[in-house]
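Contents: one structure, followed by commentary.
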Amino acid sequence: MRQINVVRSIQDMRHQVALWKANGLRVGLVPTMGALHDGHLSLIDQISATVDRVIVSIFVNPTQFAAHEDLDTYPRQEAADLDRLQGHAVDCVFAPTVEQMYPQGFSTQMDMQGPAQGLETDNRPHFFGGVAIIVAKLLLQSQTDVAIFGEKDFQQLLVIRAMVRDLDIPVEIIGAPIIRESDGLAMSSRNAYLNAEQRQIAGQLNGILARLATSGLPVEQAEAQARDALLAAGFGTVDYAALRDAHDLQAIGAQTTSRRALIAARLGDIRLIDNMSA
Ligand code: PAF
């Protein structure tokens, strides 16, 4: 079994990347919160085709969880994650401590606007501020040439692209297609929490999303139909079932050239999200 180099300090990670870059190597970053699944592995495989060295960061970021959310129970399984990385082109894992990332006296917050408005923010107002701060830190700490994010968190991808552009962070952001289970359920670390009955209901999400994306009905009618279908399938709450402008996630208007269908719905305490081109 190959021993993957696990780096825990920002200084060591910077040093490693600087050495690679000094040798003319192109370096890529795959930011994760661990609990790695095939979706993460596909991000690694995709980025490794375009760079010479790959870093996977594993950090459960407290600032993107609200007090009532699952920070304490979010799966932390570093040994299993390192096993999962065997056979994939990973040169280093960056797994810092919370104290490294948020030292005493940490006082910076980010207030994200533009594509951060609505959808996830209506339900998780703290979320994109927390994501933006940790992704900005990881990008500035590592100074990799490229970083990759899954389209499953489509709004997150747009927020990160906007943040990188606005702050002139010199990195290329790649968006990667969603990886799905055989019944269409988008892969997510939170799927592991689903019991058998919930897993069966969750499998209907993608079909409902596809009907929302393709129904051809007026927007409000298509959204209402998707919401009803989710509740009829057994979802307890629908946070949103929406058709939006794919460029900025604002309401569809005369200027819209491409659309995105997005859903967030809950089964008990488990929140599932999915999206597709519409
Ligand atoms: O998508 C995720 O897993 C997280 O939001 C990210 C981008 C790793 C930041 O913590």
Side-chain angles (χ1 to χ4, degrees), residues 7 10 13 28-44 46-47 54-66 69-78 80-81 84-85 90 92-102 106 108-110 112 115-116 119-121 123-142 144 146-164 167 169 171-180 186-193 249 262 264 270-275:
V7 168
I10 297 164
M13 202 257 302
L29 175 69
V30 186
T32 82
M33 296 207 300
L36 301 180
H37 50 67
D38 287 353
H40 295 114
L41 299 179
S42 95
L43 296 180
I44 293 165
Q46 193 173 325
I47 202 169
V54 174
I55 301 176
V56 174
S57 65
I58 297 181
F59 181 68
V60 181
N61 174 35
T63 61
Q64 68 190 75
F65 290 77
E69 290 181 344
D70 55 350
L71 174 64
D72 291 341
T73 54
Y74 197 86
R76 290 166 176 83
Q77 44 182 61
E78 187 178 295
D81 285 345
R84 291 228 72 188
L85 294 176
V90 175
C92 167
V93 165
F94 178 48
T97 59
V98 174
E99 291 71 29
Q100 278 267 320
M101 296 306 252
Y102 295 106
F106 190 91
T108 302
Q109 288 192 350
M110 288 170 84
M112 304 310 293
L119 301 174
E120 288 299 298
T121 298
N123 299 279
R124 309 178 73 200
H126 60 282
F127 180 65
F128 288 123
V131 167
I133 203 95
I134 199 65
V135 172
K137 282 172 71 74
L138 288 166
L139 295 176
L140 294 169
Q141 288 164 353
S142 66
T144 60
V146 191
I148 192 164
F149 298 86
E151 284 188 352
K152 172 165 170 287
D153 296 282
F154 190 76
Q155 191 175 12
Q156 169 175 279
L157 174 62
L158 295 196
V159 169
I160 290 169
R161 282 193 195 285
M163 187 263 300
V164 163
L167 299 184
I169 301 178
V171 65
E172 179 193 340
I173 301 296
I174 301 178
I178 299 172
I179 305 297
R180 299 181 180 283
M187 288 194 185
S188 162
S189 305
R190 290 189 169 101
N191 292 353
Y193 300 147
L249 297 181
L262 307 101
I270 306 154
R271 188 168 184 275
L272 300 177
I273 60 172
D274 199 355
N275 69 86

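First listed ligand is number 1; within each ligand, the first listed atom is number 1.
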Which ligand 1 atoms, with their elements, are less than 4.0 angstrom from a heavy-atom of [X]?
X: Ile134; answer: 9 (C), 10 (O)
X: Gln64; answer: 4 (C), 5 (O), 9 (C), 10 (O)
X: Thr32; answer: 8 (C)

Quiz item: So, does Asp38 use its side chain to make a donor-acceptor pair with the main chain of Met187 at under 3.5 Å?
Solution: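 A pair under 3.5 Å: no.
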Self-check item: Exam field: side chain Lys152 to backbone Ser188, donor-acceptor pair closer than 3.5 Å
Solution: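 Not at all, since once roles are kept as given, no pair shorter than 3.5 Å links the two residues.
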Quiz item: Should the proximity of Ile160 to ligand 1, defined as any heavy atom under 4.0 Å, be assigned to the side chain, the backbone, both, or neither?
Solution: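 Under 4.0 Å from ligand 1, Ile160 contributes no heavy atoms.
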Practice problem: Give the residue and atom name of whichever protein heavy atom lies nearest to atom 3 (O) of ligand 1, and the separation in Å to one decimal. | Solution: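 Checking every protein heavy atom, the shortest distance to atom 3 (O) of ligand 1 gives Met33 CG, 3.9 Å.
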Quiz item: Looking only at protein heavy atoms, which one is nearest to atom 5 (O) of ligand 1, and how far off is it?
Solution: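 For atom 5 (O) of ligand 1, the nearest protein heavy atom comes out as Gln156 OE1, 2.8 Å.
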Exercise. Give the intermediate values and the outcome of side chain to side chain donor-acceptor pair (under 3.5 Å) for residues Asn61 and Tyr74.
Key: CA-CA 10 Å; Asn61 174 35; Tyr74 197 86; over 6 Å; no
Practice problem: Mark yes when over 12 heavy atoms from residues, nucleotides or ligands other than Glu172 sit less than 6.0 Å from its CD; otherwise mark no. | Solution: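 Buried by this count: over 12 neighbours within 6.0 Å.
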Quiz item: In terms of side-chain geometry, is the basic nitrogen of Glu69 or Arg271 positioned less than 4.0 Å from the acidic oxygen of its partner?
Solution: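 Not counted as a salt bridge, because no side-chain N and carboxylate O are separated by less than 4.0 Å.
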